[in-house]
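Counting from 1, the numbers follow the sequence of the chain as shown. The model shown is predicted, which means the values in this text are computed figures rather than measured ones.
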Amino acid sequence: PQKIHSKPTSRSGGMIIFIFLLINTIIFFDFNDEIVKIVITFILISIFSIREDIFTDTKPLNRLLVIFLASSIIIYFCNIYLKFEIPYLENLLNLKFIQIIFFILLISTVVNGFNIIDGSNGHCTLITITNALLIFFIAVENSEVNFLYSYTPIIFLAIFFLCFNYPKGLIFLGDTGAYLFGWYLSCSLLILLQNLQNSISEIIFLNILFYPFFETVFSFIRKIYLKKSPFKPDSEHLHLMMIDYLKNHKKVENFNSLTTIYLLPIWITPLVIIPLIYKNNYLLITFLFVQIIIYITFYIILKKIRFTKT
């Protein structure tokens, strides 16, 4: 993703955030706390992501397999289990073995999605902050005091990092930062939903983390359809096509920092809508389809512009 930047810039932002988060966790929390398990388990992923940030020589498939492994570990140690009430799928998803596989895929999809969308200044971090604020809102509305105490530091760390990353891009998240944000938010949200069992629909996970989740799913399907390897990066991701549009079609100089602004309807809409409908399962499902339509509309328009230009 950093190929669009003209100056060499450090990819150590995520490593710095993780170090602060790790120190905070060790000092203020008991080893049995779920937040500790989330942070400690991430060390496994960070071994590969830090190597990628420094040497850029790790294979995407190897990183994916490590995320699968870490996801299975966190599900086991946090004993994550939800009672699904999704029409037509609840009987299948409530089977313990199926649910474990489903959660592994769910977490891994979101984590990889955050890494995919980390391609322009502030993009991944702003999306992280808006998603984190929605999770914070759900926790506040349900008086999850202990969860809020352990969860809040990631919001302040993301905001602090944003000051150096947007709009100038003085430092980058790197794979470690993108993976960390995706890991922390997806695992925390699953634990929160487990704490709120039967009081809020599980579908809200997809509503809140829609953009990184759908970016991964859509990209996987697209590459399979085009007979490309789903594990190799390309320039057909939504934010990269927006960068191409702003840079080569609109001839905008600060195209890097404007990409996130132009994609505002995709990542800001949940922050506005979800607080109004989060208690209604059918409205959440409806809104999920609206989110899909918004994303695909953007994609089709940008794809058409790129095709017309070429």
Side-chain angles (χ1 to χ4, degrees), residues 11-50 53 66-67 69-82 103 107 110-111 114-115 118 124-165 171-197 199-200 204-205 208-209 212:
R11 289 159 51 94
S12 62
M15 290 181 260
I16 296 171
I17 293 172
F18 182 52
I19 290 170
F20 274 103
L21 191 63
L22 186 60
I23 293 172
N24 174 78
T25 302
I26 293 172
I27 294 175
F28 294 106
F29 297 97
D30 184 83
F31 187 77
N32 291 321
D33 290 342
E34 288 163 333
I35 184 64
V36 176
K37 297 173 184 177
I38 292 175
V39 174
I40 295 299
T41 309
F42 183 76
I43 293 176
L44 184 62
I45 299 174
S46 71
I47 293 171
F48 285 78
S49 64
I50 290 174
D53 288 334
V66 170
I67 294 170
L69 176 60
S71 299
S72 62
I73 292 173
I74 195 68
I75 291 167
Y76 173 78
F77 280 112
C78 289
N79 194 27
I80 299 175
Y81 180 81
L82 300 179
F103 285 153
I107 294 171
V110 171
V111 171
F114 270 90
N115 193 39
D118 180 33
C124 181
T125 310
L126 277 167
I127 291 162
T128 296
I129 293 170
T130 56
N131 290 349
L133 288 175
L134 279 170
I135 298 172
F136 185 87
F137 168 81
I138 300 298
V140 169
E141 285 292 296
N142 290 274
S143 303
E144 285 289 319
V145 179
N146 291 334
F147 176 87
L148 289 168
Y149 177 64
S150 63
Y151 176 75
T152 305
I154 198 69
I155 301 177
F156 288 106
L157 286 171
I159 293 173
F160 180 74
F161 172 79
L162 185 67
C163 297
F164 297 92
N165 179 249
I171 189 172
F172 296 149
L173 270 177
D175 283 28
T176 302
Y179 283 149
L180 176 61
F181 284 155
W183 175 259
Y184 199 95
L185 294 190
S186 57
C187 293
S188 296
L189 183 51
L190 281 177
I191 290 170
L192 177 61
L193 291 175
Q194 181 174 243
N195 295 345
L196 302 177
Q197 200 72 263
S199 63
I200 188 169
I204 201 170
F205 182 99
I208 293 176
L209 299 174

* **side-chain hydrogen bond (donor to acceptor under 3.5 Å, both in side chains) against E141, all qualifying residues, sequence neighbours excluded** =>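 By the side-chain hydrogen bond (donor to acceptor under 3.5 Å, both in side chains) rule, E141 matches Y278.
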* To do: Taking side-chain hydrogen bond (donor to acceptor under 3.5 Å, both in side chains) as the test, write out the residues that go with N24, two or more places apart.
  =>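 For N24, no residue satisfies side-chain hydrogen bond (donor to acceptor under 3.5 Å, both in side chains) once neighbours in sequence are set aside.
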Give, for atom [atom1] of [X] and atom [atom2] of [Y], the distance between the pair rounded to the nearest 0.5 Å.
X: L189; Y: I204; atom1: CG; atom2: CD1; answer: 7.5 Å
X: L185; Y: L134; atom1: CG; atom2: CG; answer: 10.5 Å
X: L162; Y: I129; atom1: CG; atom2: CD1; answer: 4.5 Å
X: N142; Y: S199; atom1: CG; atom2: OG; answer: 5.0 Å
X: L82; Y: I80; atom1: CG; atom2: CD1; answer: 8.0 Å
X: L69; Y: T41; atom1: CG; atom2: OG1; answer: 9.5 Å

[atom1] of [X]: more than 12 outside heavy atoms within 6.0 angstrom?
X: F137; atom1: CZ; value: yes
X: F29; atom1: CZ; value: yes
X: Y81; atom1: OH; value: yes

I'd like to know if the side chain of [X] and the backbone of [Y] have a donor-acceptor N/O pair within less than 3.5 Å.
X: T130; Y: I127; value: yes
X: W183; Y: V111; value: no
X: K37; Y: F77; value: yes
X: D33; Y: D30; value: yes
X: D53; Y: G174; value: no

* Of L180, I38, I16, the residue whose pairing with L21 passes side-chain contact (heavy atoms from CB on, under 4.5 Å) ->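 It is L180; the other options fail the test.
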* Decide yes or no on side chain to side chain contact (heavy atoms under 4.5 Å, CB included) for F103 and I74, but give the supporting numbers first. => CA-CA 10 Å; F103 285 153; I74 195 68; over 6 Å; no
Heavy atoms only: give me the nearest [X]-[Y] pair and the separation to one decimal.
X: F181; Y: C124; value: CD1-SG, 4.5 Å
X: Q194; Y: C78; value: NE2-O, 3.8 Å
X: D118; Y: L173; value: OD2-CB, 3.8 Å
X: S49; Y: T176; value: OG-OG1, 2.9 Å
X: V110; Y: S186; value: CG1-CB, 4.0 Å

* Go through V66 and Y179 one step at a time and tell me if the side chain to side chain contact (heavy atoms under 4.5 Å, CB included) criterion holds. => CA-CA 12 Å; V66 170; Y179 283 149; over 6 Å; no
* Report the C-alpha separation of I26 and V36 in whole Å, then their side-chain angles, then the decisive distance to 0.1 Å, and conclude whether the side chain to side chain contact (heavy atoms under 4.5 Å, CB included) test is met. => CA-CA 8 Å; I26 293 172; V36 176; over 6 Å; no
Check residues 148-158 and write down every donor-acceptor pair under 3.5 Å in which the side-chain atom is one partner and the other belongs to a residue at least two apart or another chain.
residue: S150; atom: OG; partner: N146; partner atom: O; Å: 3.4
residue: S150; atom: OG; partner: F147; partner atom: O; Å: 3.0
residue: Y151; atom: OH; partner: A132; partner atom: O; Å: 3.0
residue: T152; atom: OG1; partner: L148; partner atom: O; Å: 2.6

* Hey, what's the ring geometry for F42 with F18, parallel, tilted or perpendicular (30° and 60° as the breaks)? ->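 If you compare the ring of F42 with that of F18, the planes turn out perpendicular.
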